[in-house]
Amino acid sequence: MDNKDYMAQALAQAEQAAARGEVPVGAVLVDPSTGAVVAADGNRTRGQDDPTAHAEMLVIRAGAASRGTERLVGCDLYVTLEPCPMCAQAISFARIRRLYFGAADQKSGGVEHGPRIYASSSCHHAPDVYGGLDEQRSANLLREFFKTRR
């Protein structure tokens with residue numbers, strides 16, 4: 001599998017989130033040494049009544065639980081939207097190796113927009129960041145979701 005395949009899985013998770021009435025963001029955590037998907041999920045903030053149940057947080061929690069450690073060293077994260085500051089910080093704390101994201105989030109992003117967590121001198125670990133992977137599809141999914149809500 002390659003980056004596009006993993007992002008396609010993240011987009012499928014985002015579509016499932018939209019079907020549940022959640023903001024359509026999906027994430028996939030991958031162990032690149034084996035190519036195995038460690039965890040995959042979409043937003044569940046409404047369904048779990050939990051403002052922290054973002055797709056990234058859910059896969060980080062599941063990945064840490066499956067590995068029995070709080071560090072996900074060597075893992076890569078694919079997410080359909082630029083992570084917010086909370087998720088960006090969790091990615092740093094988990095020591096994720098690489099972050100791939102689809103659409104930029106100029107309003108609420110925490111990586112390339114907003115506080116730019118990884119550029120901060122207080123950041124303990126900055127993953128390699130690759131934005132814009134399948135950006136149009138990710139952005140269109142969000143745009144269509146919110147168009148039906150307005």
Side-chain angles (χ1 to χ4, degrees), residues 1-105 108-120 122-142 145:
M1 299 225 311
D2 66 9
N3 292 341
K4 285 270 193 192
D5 294 323
Y6 294 123
M7 185 55 80
Q9 289 185 41
L11 283 158
Q13 291 294 326
E15 289 167 351
Q16 291 173 29
R20 293 189 302 270
E22 302 276 0
V23 174
V25 176
V28 173
L29 183 67
V30 175
D31 180 340
S33 66
T34 63
V37 172
V38 177
D41 213 335
N43 277 358
R44 293 182 183 273
T45 59
R46 290 174 179 239
Q48 293 185 3
D49 295 324
D50 179 357
T52 70
H54 291 194
E56 302 95 319
M57 299 295 285
L58 296 171
V59 299
I60 288 170
R61 289 175 189 149
S66 75
R67 290 184 160 208
T69 180
E70 78 278 15
R71 302 280 192 243
L72 299 170
V73 175
C75 288
D76 296 342
L77 181 64
Y78 294 80
V79 62
T80 58
L81 181 65
E82 175 184 353
C84 72
M86 173 186 69
C87 292
Q89 196 67 276
I91 291 164
S92 174
F93 290 155
R95 305 298 194 265
I96 302 275
R97 180 181 77 142
R98 290 185 181 141
L99 166 65
Y100 298 89
F101 70 85
D105 188 346
S108 301
V111 177
E112 293 182 349
H113 298 88
R116 297 183 176 157
I117 298 297
Y118 306 136
S120 171
S122 64
C123 181
H124 297 289
H125 166 78
D128 296 331
V129 176
Y130 304 90
L133 185 61
D134 226 341
E135 181 175 17
Q136 244 353 84
R137 189 168 164 211
S138 296
N140 288 343
L141 186 58
L142 286 157
F145 177 82

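Note that the structure is predicted; figures quoted are calculated from it, not measured.
In this structure, the side chains of Leu141 and Thr80 stay at 4.5 Å or more apart for every pair of heavy atoms. Side-chain contact between Asp76 and Asn3 is absent, with no heavy-atom pair separated by less than 4.5 Å. Looking at Ser138 and Leu81, their side chains never come closer than 4.5 Å, going by heavy atoms from C-beta outward. Using a 4.5 Å heavy-atom threshold, the side chains of Ile60 and Leu72 count as touching. Using a 4.5 Å heavy-atom cutoff, the side chains of Val38 and Val30 are not in contact.
Residues satisfying the ring-ring contact (aromatic ring centres under 6.0 Å, His included) test with Tyr130, not counting sequence neighbours, are Tyr100.
Taking every heavy atom of both residues into account, Asp41 and Gln13 meet most closely at CA-OE1, 3.2 Å. The shortest non-hydrogen separation linking His113 to Asp105 is CB-O, 3.5 Å. Ala17 approaches Val23 most closely through the heavy-atom pair CB-O, 3.9 Å. The shortest heavy-atom contact between Val129 and Val111 is CG1-CG1, 3.8 Å. When all heavy atoms of Cys123 and Ile117 are compared, the pair lying nearest together is CB-O, 3.4 Å. Smallest separation of non-hydrogen atoms from Asn43 and Arg20: O-NH2, 2.9 Å.
Looking at Gln9, its side chain never comes within 3.5 Å of a backbone N or O of Val28 through a donor-acceptor pair. Distance alone, capped at 3.5 Å, places no donor-acceptor pair between the Tyr78 side chain and the Asp5 backbone. Although no hydrogens or angles enter the test, the distance criterion places no donor-acceptor pair under 3.5 Å between the side chain of Tyr118 and the main chain of Gly110. No donor-acceptor pair under 3.5 Å is formed between the side chain of Arg67 and the backbone N or O of Gly63.
The line from CD of Glu70 to CZ of Phe93 is 11.5 Å long, rounded to the nearest 0.5 Å. Going from atom CD1 of Ile91 over to atom SG of Cys75 covers 12.0 Å, rounded to the nearest 0.5 Å. Separation of atoms CG (Leu133) and OH (Tyr6) is listed at 12.5 Å; rounding is to 0.5 Å. Atoms CZ and CD, from Arg46 and Glu22 in turn, are 7.0 Å apart once rounded to the nearest 0.5 Å. The CZ atom of Arg97 sits 10.0 Å away from the NE2 atom of His125 when rounded to the nearest 0.5 Å.
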Show every donor-acceptor pair shorter than 3.5 Å between a side-chain atom in residues 47-57 and any protein atom, with sequence neighbours excluded, or say none if there are none.
from	atom 1	to	atom 2	distance (Å)
Asp50	OD1	Thr52	N	2.8
Asp50	OD1	Thr52	OG1	2.7
Asp50	OD2	Thr52	OG1	3.3
Thr52	OG1	Arg61	NH2	2.9
His54	NE2	Pro51	O	3.3

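Counted by atom type alone, Asp31 and Ser33 present one or more donor-acceptor pairs between their side chains at under 3.5 Å.
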As a quick check of understanding, evaluate side-chain contact (heavy atoms from CB on, under 4.5 Å) for Leu99 and Asp128, giving each step before the final call.
CA-CA 6 Å; Leu99 166 65; Asp128 296 331; over 6 Å; no
Between Met7 and Arg137, does a side-chain contact (heavy atoms from CB on, under 4.5 Å) hold up when you go through it step by step?
CA-CA 10 Å; Met7 185 55 80; Arg137 189 168 164 211; over 6 Å; no
